[in-house]
Asks: 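Next up is a structure, given as structure tokens.
Below, each value reflects all heavy atoms present in this structure, side chains not excepted, and no hydrogens, waters or symmetry copies. Order of the sequence lines sets the chain letters (A, B, ...), proteins ahead of strands, with each chain counted from 1.
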Number of protein chains: 2
Amino acid sequence: MVTSNKKQPQSNIFLATCTSRQVLHLIADQWTALVIYALEGGTKRFSQLLTQIDGISKKMLSQTLRDMERNGLVQRVVYPVVPPRVEYSLTTLGQTLIEPITALRIWAEEHLDEVKEARVKHDQTEHISVQEQVASLVQQREQH
Amino acid sequence: MVTSNKKQPQSNIFLATCTSRQVLHLIADQWTALVIYALEGGTKRFSQLLTQIDGISKKMLSQTLRDMERNGLVQRVVYPVVPPRVEYSLTTLGQTLIEPITALRIWAEEHLDEVKEARVKHDQTEHISVQEQVASLVQQREQH
DNA sequence: CGGAATCCTTTTGGATACTG
DNA sequence: CAGTATCCAAAAGGATTCCG
């Protein structure tokens, strides 16, 4: 199970300085994954995305798209018309994200019920703190 | 390309009320994915996780673990000893997340260079606003 | 050791108004 | 239409202290 020599010293994802960890954070926000889903079907306009992605604000969409463009995930094309028309599409790099992100969506859909059930169960249960657990258990041991 | 009838009315992931979208958000935070990676190797203690996951604070780790436990992803076992010993491990449900999350990590590692390059290129480029682009292009059209 | 509780700063994000 | 700018409220998160 010992892997061969790593190419880079920063390949330990647990290090804060690890680049792939930073890249991971690109997608770990509320909206990026949804934008990728939305653009999977092809080019979309700003207003289309705004409508399709329920709950996102103008500000957040704009910000998310800007970041994604900066990271090379989406391409923005501005048409010189009035009123302005701006179209967004996935770059080749962005398209490579569809697969892993879809895997996550499928996981969510498949295990949604289990998560919901776990949550209900957890919320129904009385939860004593770790201190209390330890304290009471230690006391039991001392008594016998 | 028309998909067959969906089972649930909430199966549109773009809706804010969509449950799978909410489930997606479970993982879309800074730390959950890293905790799953860390627990992939087996049971770990709180302090081990704190050490292994560089940059996480006690508070964040505690919070993340609590949420994950609530969602049925991790199991917590408290040992009645002083000082207390608490061990965390992935549940069966949590283990099913390893695969899709690993896919994301692999993506990050494979495309890290492209993202970095895109970022450098983007930051080197002068960016005029959409308004300016439209304005100047419209002006060009009017002149000829 | 494994937290919970408190305080306090930073960040996030919504609402609104404005622009070409 | 597709944003940007500003203001403001809420949330996130670090540091510290305390606890069994």
Asks: Please encode protein proximity along nucleotides 15-20 of chain D as a string of B, S and -, counting only heavy-atom distances under 4.0 Å.
Replies: B---BB

Asks: Backbone N or O of B/Ala16 within a donor-acceptor pair of the A/Asp54 side chain at under 3.5 Å?
Replies: yes

Asks: If I take atom CG in residue A/Asp67 and atom P in nucleotide C/dG13, what distance separates them, rounded to the nearest angstrom?
Replies: 11 Å

Asks: Got a second to check how far B/Thr102's OG1 is from B/Glu109's CD, nearest 0.5 Å?
Replies: 9.5 Å

Asks: Checking the side chain of B/Thr91 only, and the main-chain atoms of B/Gln75 only, is there a donor and an acceptor separated by less than 3.5 Å?
Replies: no

Asks: Does B/Phe14 offer a backbone N or O that forms a donor-acceptor pair with the side chain of B/Asn12 under 3.5 Å?
Replies: yes

Asks: With a cut-off of less than 4.0 Å, is there a side-chain N or O of A/Arg76 near OP1 or OP2 of D/dA2?
Replies: no

Asks: Taking only N and O in the side chain of B/Ser62, is any of them less than 4.0 Å away from OP1 or OP2 of C/dA4?
Replies: yes

Asks: Donor-acceptor pair, distance only, cut-off 3.5 Å: does the side chain of B/His127 make one with the backbone of B/His122?
Replies: yes

Asks: Less than 4.0 angstrom between a side-chain N/O of A/Arg45 and OP1 or OP2 of D/dC1, yes or no?
Replies: no

Asks: Treating Ile, Leu, Val, Met, Phe, Trp and Tyr as nodes and any side-chain heavy-atom pair under 4.5 angstrom as an edge, say whether B/Val115 and B/Val120 lie in one connected cluster.
Replies: no

Asks: Can you list, in residue-number order, the parts of residues 46-55 of chain A that come under 4.0 Å of DNA chain D, counting heavy atoms only?
Replies: A/Phe46, A/Ser47

Asks: What distance separates B/Leu61 CG from B/Lys59 NZ, expressed to the nearest 0.5 Å?
Replies: 13.5 Å

Asks: Please write out the pairs of protein N or O atoms and N or O atoms of nucleotides 10-12 of chain C separated by less than 3.5 Å, giving the distance to one decimal.
Replies:
none

Asks: What pairs of residues pass the side-chain hydrogen bond (donor to acceptor under 3.5 Å, both in side chains) test when at least one of them lies in residues 30-46 of chain A, not counting sequence neighbours?
Replies: A/Asp29-A/Thr32, A/Gln30-B/His25, A/Lys44-A/Gln52

Asks: Could you tell me whether B/Glu117 and B/Arg119 make a salt bridge, using a distance below 4.0 angstrom between a side-chain N and a carboxylate O?
Replies: no

Asks: Under 4.0 Å between a side-chain N/O of A/Arg66 and OP1 or OP2 of D/dT4, yes or no?
Replies: yes

Asks: Going through the distances and angles, do A/Arg21 and B/Arg105 end up as a side chain to side chain contact (heavy atoms under 4.5 Å, CB included)?
Replies: CA-CA 8 Å; A/Arg21 175 160 148 188; B/Arg105 172 169 56 175; over 6 Å; no

Asks: Quick one: A/Tyr79 OH to D/dA2 P, roughly how many Å, whole number?
Replies: 12 Å

Asks: Between atom CD in A/Glu69 and atom P in D/dA2, what is the gap in whole Å?
Replies: 15 Å

Asks: Would the distance check show the side chain of B/Ser89 and the main-chain N or O of B/Gly42 forming a donor-acceptor pair, the cut-off being under 3.5 Å?
Replies: no

Asks: Rounded to the nearest 0.5 Å, how far apart are CG of A/Leu65 and CZ of A/Arg70?
Replies: 15.0 Å

Asks: Are A/Ile128 and B/Val78 co-members of a hydrophobic cluster defined by side-chain heavy atoms under 4.5 Å apart?
Replies: no

Asks: Rounding to 10°, can you tell me the angle the first-five-pair axis of the helix from C/dC1-D/dG20 to C/dG20-D/dC1 makes with its last-five-pair axis?
Replies: 40°

Asks: To the nearest angstrom, how far is A/Lys44 atom NZ from D/dC1 atom P?
Replies: 17 Å

Asks: Given the rule that I, L, V, M, F, W and Y join up when any side-chain heavy atoms are under 4.5 Å apart, are B/Leu104 and A/Ile106 in one cluster?
Replies: no

Asks: Can you tell which of B/Ile36, B/Leu97, B/Leu26 makes a side-chain contact (heavy atoms from CB on, under 4.5 Å) with B/Met68?
Replies: B/Ile36

Asks: What is the distance, rounded to the nearest whole Å, between atom CD1 of B/Ile56 and atom C1' of C/dG2?
Replies: 14 Å

Asks: Under 4.0 Å: is that the gap between some side-chain N or O of A/Tyr88 and OP1 or OP2 of D/dG3?
Replies: yes

Asks: Indicate whether OP1 or OP2 belonging to C/dG2 is found under 4.0 Å from a side-chain N or O atom of B/Arg85.
Replies: no

Asks: When you measure from every atom of DNA chain D, which of residues 23-43 of chain B have a heavy atom less than 4.0 Å away?
Replies: none

Asks: For residues B/Phe46 and B/Lys58, determine if any side-chain heavy atom of one lies less than 4.5 Å from a side-chain heavy atom of the other.
Replies: yes

